[in-house]
Amino acid sequence: MSAHSTPVPSASRPSGPLQGAVRVPGDKSMSHRALIFGLLSVGETHVTGLLEGDDVLATAAAARALGADVVRTGEGAWTVRGVGVGGLASPAETLDFGNAGTGSRLMMGVVAGHPVTATFDGDASLRKRPMRRIIDPLLKMGARVVAEAEGGRCPLTLEGARETVPVVYETPVASAQIKSAVLLAGLNAPGRTTVIEREASRDHTERMLRHFGATVEVEPWGEHGRKITLTGQPELAGSDIAIPADPSSAAFPLVAALIVPGSGITLEGVMMNPLRTGLFTTLREMGADIEAINQTSEGGEDVATLRVRASALKGVDVPAERAPSMIDEYPVLAVAAAFAEGETRMRGLSELRVKESDRLAAIADGLTAAGVVNRIEGDDLIVTGGAGRVRGGGVAATHLDHRIAMSFLVLGLAASEGMRIDDAAMIATSFPAFTPLMRSLGADIAMDGG
Ligand code: S3P
């Protein structure tokens with residue numbers, strides 16, 4: 001299991017107007033997938049804009065352990081020489097995914113479809129996360145669990161199928177990780193593998209499958225869902241892929257600019273896949289001044305530059321159906337809601353309980369520490385905003401969760417007493433340059449006491 005990093009207590013203080021233009025790092029979901037598809041392709045894959053955060057580096061190491069040649073050729077530039085679908089080797093060592101739920105779960109799908117055996121492990125946060133939701137469909141496809149920790153958790157040893165069985169699988173919750181694990185296993189199955197989801201989740205796997213040469217059919221399913229069918233055993237060909245800036249990382253400077261009076265910032269090259277932009281929709285409903293300019297496409301995804309200005313926000317009701325398109329953004333939305341006028345109700349957040357931490361509890365506790373009135377009703381979070389005035393001054397417990405850490409540092413930039421967090425170390429999993437980037441915009445963030 002990963003060594004426990006030493007906690008880095010950090011603090012943010014009320015800051016003057018944030019100003020400047022920045023590009024946040026590459027999208028995490030696409031970065032994991034680019035390396036995985038590189039592994040499963042024949043020939044060379046050239047990736048630019050790769051997120052060089054700990055989560056993605058763990059996936060790069062796992063791709064190497066499974067037989068790929070993975071080389072860094074420059075900043076964010078990586079070359080992967082793959083083994084092709086069917087060509088995986090059993091890794092000699094445990095695959096240590098650190099904090100990375102996505103990397104571990106997607107790679108479980110890859111391993112499940114191949115006649116190899118691998119052990120998956122990670123840090124204390126990953127060891128708490130449920131893996132049965134991934135393993136259940138993979139067992140139907142012919143994989144076997146050789147060993148697992150209590151409750152179907154890591155460390156977990158998975159023996160892949162000798163002959164992978166194509167399945168039709170309806171995901172029990174809207175989850176791109178479950179969908180992707182099944183599709184990745186289905187790559188090495190003869191025939192067609194189908195995943196049905198009642199609420200559409202992010203579709204980077206489907207887009208990248210096509211980009212690397214697989215045949216994928218996507219049909220609408222019910223009101224908000226999709227039916228995705230992959231034809232197995234394609235020959236995937238190494239490809240070039242440019243990864244746009246991660247909208248989930250852009251969310252932090254964006255909300256900071258909205259709540260720090262007088263701010264005006266520009267966020268360059270942000271991915272605008274409609275299955276990822278629920279936060280922008282919600283913030284605009286709250287009255288946020290966010291302008292999308294220079295709309296283009298990069299790596300098969302829509303991309304835009306966002307101009308953001310400080311705004312007087314008002315509370316809104318966020319429908320449960322929107323959750324899949326902003327599932328990682330609720331911590332920072334809750335911060336925006338703390339500064340809005342009136343109540344914001346965020347509905348249908350049960351999935352937040354099984355993220356890097358129990359995010360529902362971590363958000364509520366952090367808000368309480370900051371003096372923000374909030375309550376949880378069933379799976380809903382209700383935040384009573386202070387109409388621009390938040391006391392702050394407490395310490396948010398981050399529970400090895402990067403997004404909780406960044407969200408409460410953002411809160412402190414506009415709270416009268418600032419805010420402290422117990423540990424900023426996990427920010428390196430998704431946004432290693434968070435602190436210098438925020439400081440370059442004028443944010444007062446430093447190690448506690450620094
Ligand atoms: C991801 C899917 C989401 C998200 C995670 C990244 C992905 O998880 O929370 O950060 O890249 O597929 P779920 O699929 O469990 O909702």
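In listed order, ligands and their atoms are each counted from 1.
- Inclusion of L106 in the set of residues having an N or O under 3.5 Å from an N or O of ligand 1 is not warranted.
- Inspection of the T205 and S180 side chains reveals an N or O donor paired with an N or O acceptor under 3.5 Å.
- Residue nearest to atom 6 (C) of ligand 1, selected from D203, L352, T102, D55: T102 (by heavy-atom distance).
- Close approach of ligand 1 to A176 is summarised as follows: ligand atoms under 4.0 Å from at least one heavy atom of the residue are 12 (O), 14 (O).
- At under 3.5 Å, not a single nitrogen or oxygen of S180, backbone or side chain, sits near a nitrogen or oxygen of ligand 1.
- Looking at S175 next to ligand 1, an N or O pair under 3.5 Å apart turns up.
- Residue nearest to atom 13 (P) of ligand 1, selected from R202, H204, K355: K355 (by heavy-atom distance).
- Any N or O atom pair closer than 3.5 Å counts here, and R133 shares no such pair with ligand 1.
- Pairs passing the salt bridge (Lys or Arg N to Asp or Glu O under 4.0 Å) check and including a residue from residues 165-176, sequence neighbours excluded, read E170-R198.
- Side-chain contact, T79 with H46: a donor N or O sits under 3.5 Å from an acceptor N or O.
- Partner R276 forms a side-chain contact (heavy atoms from CB on, under 4.5 Å) with one of V270, D328, D246 and no other, that one being D246.
- On a distance-only criterion, Q177 and ligand 1 share at least one N/O pair closer than 3.5 Å.
- The protein heavy atom nearest to atom 4 (C) of ligand 1 is D328 OD2, 3.4 Å.
- The residue from E351, H399, R403 that alone fulfils the side-chain contact (heavy atoms from CB on, under 4.5 Å) condition with R359 is R403.
- For atom 12 (O) of ligand 1, the candidate residues are R276, R33, R359, M30; the nearest heavy-atom contact is made by R33.
- Considering backbone and side-chain atoms alike, R403 places every N or O at 3.5 Å or more from each N or O of ligand 1.
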D121 and L95: CA distance, side-chain angles, deciding distance, side-chain contact (heavy atoms from CB on, under 4.5 Å) verdict
CA-CA 6 Å; D121 204 359; L95 303 178; over 6 Å; no
Show me the donor-acceptor pairs, under 3.5 Å and distance only, between side chains in residues 68-78 and residues at least two apart or in other chains.
unit_1	atom_1	unit_2	atom_2	d
D69	OD2	R81	NH1	2.5
R72	NE	E52	OE2	2.7
R72	NH2	E52	OE1	3.0
R72	NH2	E52	OE2	3.4
T73	OG1	A77	O	3.2
W78	NE1	E52	OE2	2.7

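- Counting only N and O atoms by type, the side chains of K28 and S248 include no donor and acceptor under 3.5 Å apart.
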